[in-house]
Each structure stands twice: as C-alpha cells, then as structure tokens.
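Predicted, not measured: the structure shown is a model, and the values here were computed from it. The analysis underlying the following values was restricted to heavy atoms, covering all of them including side chains, and did not include hydrogens, waters or symmetry mates.
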Amino acid sequence: MYRTVSASGGSELSRSLPPGFSGGLVDFLTLERRTDDLFRGWCHSGGPTRAFGGQVVAQALAAAGGTVEPDRPVHSLHGYFLRSGDVRRPFAYAVERLRDSRRFSFRRVTVTQGDEAVFTLSCSFKYPEGVGDRQPAMPVAPPPDEVPDAFDHWATRRPEEHRRARYAHVVSMRVVPRAPDAAPVGASGEIEQLAWFRSRQPLPDDRLLHLCALTYYSDLSFGSTSALDIEDLYPLREGPGRLGLASLDHSVWFHREFRADEWLLFVQRSRTATDGRGLTTGEFWTRDGRLVATATQETAVSVFGPRT
C-alpha cells in the first residue's frame, strides 16, 4: 500500500504485493511515503475535476495506518470535508501521532493541496481483546447473485458516464430493488436502500487494505441515499441528474474482521433531511450474518431542476 521515494527521486514498492494483485482498487488506495509521517497520493474524480470523497477518506486512513503497528487495527474514524479536492493535483497526507498507549493509538491526518486543507481525519486504533460479543440479526435481503449490478446497468444505458467513473470499474455494486408494492420512497419519513459491495478483483491478505476498501465503498451510495425521494440512485436513473451532492463529514466504526473482496451488504437508512442536509447511517454485513462496520454521513443536497 506504500511506495517510498528513493535517493534518486524514483519510486519503489516498500510493501510488495503478491503476483496478480497489481492495479485496480489496490492502486487507488496506495500512497507514496515521503517521510515517516508524510504521504502523497492521487485521487480519481467523483464529479468533474472533483475528487471522490471516499477515496480521500480511505487514503487518509491508509496514511494513519502506516504509522501504527499492524497488530492494532483501526476501530473508528471521523472526518470532515473542508474543500473539494482537485484531481489534477496530488494530495499530501500529514499524520500527527497524538498518543500511543498500551491498548490504543490515536492519529490525526490533515490532507492538503498546496497551502489549503482539504480534509481532516481523526482515527483510533486498538489492540484486539476477546471481551464479549453481541449483535442483532442480519436484515433480510436477496443474495447478491440474484441482484443485478448497478454499474453494469449504467454501462449499457449511459456508457460515456460509466467510462469516466473509475470506481465503477473496480467495485461491484448490486442494489436490491424495491418491492413493487412498496410505498413511495420517503413516504414514511425514512429512506432505506440495500446494496451488495465487493471488489471486482481479489485483494491481498492485508487487513489495513480491506479496512480502507470498505471505507472507499461506504461513500459510493451514501449521499445519494439521503436524496432518493428526489432522484433515483445515479447509475439507475433515466436521463441527466438534477442533484448536487457533497459530503460534509464521514464516520466509520469497525466491529469485526471481514474481507472486502467478499460480498458485503450495506444497509443504509436516512431518517432526516432538512436545511439542504441529509443524514444517512449504514451497516455492513457479511453474507453469513456478521455485522462488521457501521457508518454515518451528512451530505449537502442541492436541487438544480424541478422536483419530480
């Protein structure tokens, strides 16, 4: 996940990847290590020239994780988006080592472009302990092999948009269809959306990489979920979009181990939207019913056309 800068100024992999694991999502999460606590990365777009927020968060986590012993996985992260990142310029990830105790490690990451801060992340890492375990039952959902891929649908209906969306080529997103007799979206005041996620290619056995990959997935449909009462999810809508969506903050709590190259069900619910802000919470579940992560995001929502 890291490249170091050699004395000659070139780059070389400091953490080698097994054969067959180069490219794709791994590349999107790989950083260049400039010093012990300073990293540099590039992000692809989530909108015209605007960096995809999920990748910025995931790369910030990768930078923080690169300063922590690998036996202490991250258990929570909380971030604020300060500006839209420009994909035409690199991102600098500066890590502050706030504290290392016997059980916990705390890090803060400031992401900048030039002299401007783009994103700030606080995260905590913890040595695992076998103390208790409880969770509710997994929500009922059709298995992923019975659900069509939303990005593949996008490729057939709006191929030029799909071609430019780099995330759609490395991640599979299978959105569970609403029941034909379901009430209109948002009629009860709550919006619910279920989607299966996994990487399109196998990933190496690197726990931090899988944690970063889930973080990347968590921003692919979060903002759109908060506004499904206004417009369908972007790969499934007909015609041009009329919404402007921007992530304001993002949090993830990691509960149990998982693999991001195996199917994860993301159960998303938005219970409130007001003042041009929609709040969404979500849970990631493995196919065998383990709750592995919980996420929240507030999204700025702008409507550019008539509501339908």
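- F254 and S76 make their closest contact through CD1-N, 4.3 Å (heavy atoms, listed as atom of the first residue, atom of the second, distance).
- With sequence neighbours excluded, no residue satisfies side-chain hydrogen bond (donor to acceptor under 3.5 Å, both in side chains) with D36.
- A salt bridge is defined here as a Lys NZ or Arg NE, NH1 or NH2 lying under 4.0 Å from an Asp or Glu carboxylate O, and E192 with R178 fails to meet this definition.
- Put simply, the side chain of P73 reaches to within 4.5 Å of the side chain of P128, judged on heavy atoms.
- Going from atom OG1 of T281 over to atom CZ of R269 covers 7.0 Å, rounded to the nearest 0.5 Å.
- Contact check on R174 versus E146 returns no salt bridge, with no Lys/Arg side-chain nitrogen under 4.0 Å from an Asp/Glu carboxylate oxygen.
- Proximity of a side-chain donor or acceptor of Y217 to a complementary backbone N or O of S199 within less than 3.5 Å is detected.
- Evaluation of the salt bridge (Lys or Arg N to Asp or Glu O under 4.0 Å) rule for R107 yields D100 as partners, not counting sequence neighbours.
- Put simply, OG1 on T296 and CG on D249 are 6.5 Å apart, with the number rounded to the nearest 0.5 Å.
- Remark: H169 pairs with no residue by the side-chain hydrogen bond (donor to acceptor under 3.5 Å, both in side chains) rule, at least two apart or across chains.
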Determine, stepwise, if the pair L194 / L265 fulfils side-chain contact (heavy atoms from CB on, under 4.5 Å).
CA-CA 7 Å; L194 280 64; L265 178 66; 4.2 Å; yes
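- Ring centers of Y216 and F52: under 6.0 Å apart, within the cut-off.
- With sequence neighbours excluded, the residues forming a ring-ring contact (aromatic ring centres under 6.0 Å, His included) with F284 are F266, listed by chain and number.
- A heavy-atom distance below 4.5 Å is not found between the side chains of S226 and I191.
- Side chain of S105 to backbone of S101: no donor-acceptor contact under 3.5 angstrom is found.
- Taking NE2 from H250 and OG from S218, the interatomic distance works out to 3.0 Å, rounded to the nearest 0.5 Å.
- Side chain of R83 to backbone of F119: no donor-acceptor contact under 3.5 angstrom is found.
- Counting heavy atoms of neighbouring residues, nucleotides and ligands inside a 6.0 Å radius, atom CZ of R157 does not exceed 12 of them.
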Under the ring-ring contact (aromatic ring centres under 6.0 Å, His included) criterion, do H75 and F125 qualify, and how do the steps go?
CA-CA 6 Å; H75 70 88; F125 300 76; 8.2 Å; no
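- Side-chain contact between H153 and P148 is absent, with no heavy atoms from C-beta onward closer than 4.5 Å.
- The salt bridge (Lys or Arg N to Asp or Glu O under 4.0 Å) test applied to R108 returns E96, not counting sequence neighbours.
- S247 meets the side-chain contact (heavy atoms from CB on, under 4.5 Å) test with F81, D219, Q297; sequence neighbours excluded.
- Taking the six-membered ring for Trp, H78 and W253 have ring centres closer than 6.0 Å.
- Aromatic ring centroids of H44 and F28 lie under 6.0 Å apart.
- The line from CZ of F258 to CZ of R207 is 8.5 Å long, rounded to the nearest 0.5 Å.
- Going from atom CD of Q59 over to atom CG of L31 covers 5.0 Å, rounded to the nearest 0.5 Å.
- Between the side chain of T67 and the backbone N or O of A64 there is at least one donor-acceptor pair closer than 3.5 Å.
- For residues 62-73, there are no salt bridge (charged side-chain N to carboxylate O under 4.0 Å, His left out) pairs, not counting sequence neighbours.
- In this structure, the side chain of D86 engages the main chain of R88 through a donor-acceptor pair within 3.5 Å.
- A 4.5 Å side-chain heavy-atom check between V26 and T30 finds at least one atom pair inside the cut-off.
- Ion pairing between R200 and D149 holds under the 4.0 Å rule for side-chain N and carboxylate O.
- Hydrophobic cluster membership for F104: L98, F106 (Ile, Leu, Val, Met, Phe, Trp, Tyr linked by side-chain heavy atoms under 4.5 Å, directly or transitively).
- Applying the side-chain hydrogen bond (donor to acceptor under 3.5 Å, both in side chains) definition to pairs two or more places apart or across chains, none involves residues 111-122.
- Among pairs with a residue in residues 286-297, those fulfilling salt bridge (charged side-chain N to carboxylate O under 4.0 Å, His left out) read D145-R287, D288-R290, at least two apart in sequence or across chains.
- Between E160 and R158 there is no salt bridge, since no side-chain N of the basic residue sits under 4.0 Å from a carboxylate O of the acidic one.
- With sequence neighbours excluded, the residues satisfying ring-ring contact (aromatic ring centres under 6.0 Å, His included) with Y234 are W154.
- Atoms CG and CD, from L25 and Q55 in turn, are 9.0 Å apart once rounded to the nearest 0.5 Å.
- With sequence neighbours left out, the salt bridge (Lys or Arg N to Asp or Glu O under 4.0 Å) criterion links E190 to R271.
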